[in-house]
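One structure below.
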Amino acid sequence: MRPFTIHWKNAHYFLERYEEEWDQKETCYRFSPQQYFMDLLTILVSGGVTVNLASN
């Protein structure tokens with residue numbers, strides 16, 4: 001598969017929503033929602049994906 005570009009508008013909404021759901025779960029995780037988000041971006045970029053984050 002060839003690299004591609006993701007145009008992610010209002011990514012902060014994803015993180016806010018993810019944090020809300022994270023807080024509602026009773027299980028204990030070893031990482032934070034912010035770390036999960038950063039790891040996701042790192043995986044995409046290291047795979048050659050261009051990620052454009054934009055806020056409207």
Side-chain angles (χ1 to χ4, degrees):
M1 180 186 299
R2 294 173 20 173
F4 54 93
T5 299
I6 294 176
H7 299 279
W8 195 341
K9 293 184 179 179
N10 300 315
H12 62 280
Y13 288 129
F14 165 80
L15 188 54
E16 288 172 4
R17 176 72 177 158
Y18 194 72
E19 286 177 333
E20 289 172 10
E21 290 181 12
W22 194 275
D23 290 340
Q24 293 174 4
K25 299 206 184 277
E26 293 182 14
T27 11
C28 180
Y29 294 100
R30 294 183 185 146
F31 48 88
S32 68
Q34 295 86 1
Q35 184 62 49
Y36 181 86
F37 185 74
M38 292 305 298
D39 289 349
L40 174 62
L41 292 177
T42 300
I43 290 166
L44 289 169
V45 171
S46 67
V49 176
T50 300
V51 180
N52 294 325
L53 301 176
S55 245
N56 292 345

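In this chain, residues are counted from 1 in sequence order. Heavy-atom basis, side chains included; hydrogens, waters and symmetry copies ignored.
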Are F4 and W8 joined in one hydrophobic group, where the rule is that I, L, V, M, F, W and Y side chains link up if heavy atoms are under 4.5 Å apart?
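Yes, same cluster.
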
Minimum-distance pair of heavy atoms, taken over all atoms of G48 and P3
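Closest approach of G48 to P3, heavy atoms only: O-CB, 3.0 Å.
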
Among L53, V49, I6, find the residue that satisfies the side-chain contact (heavy atoms from CB on, under 4.5 Å) test when tested with L41.
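Filter result, single survivor: L53.
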
With sequence neighbours excluded, tell me which residues meet side-chain contact (heavy atoms from CB on, under 4.5 Å) with T5.
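Here the qualifying residues are H7, T50, N52.
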
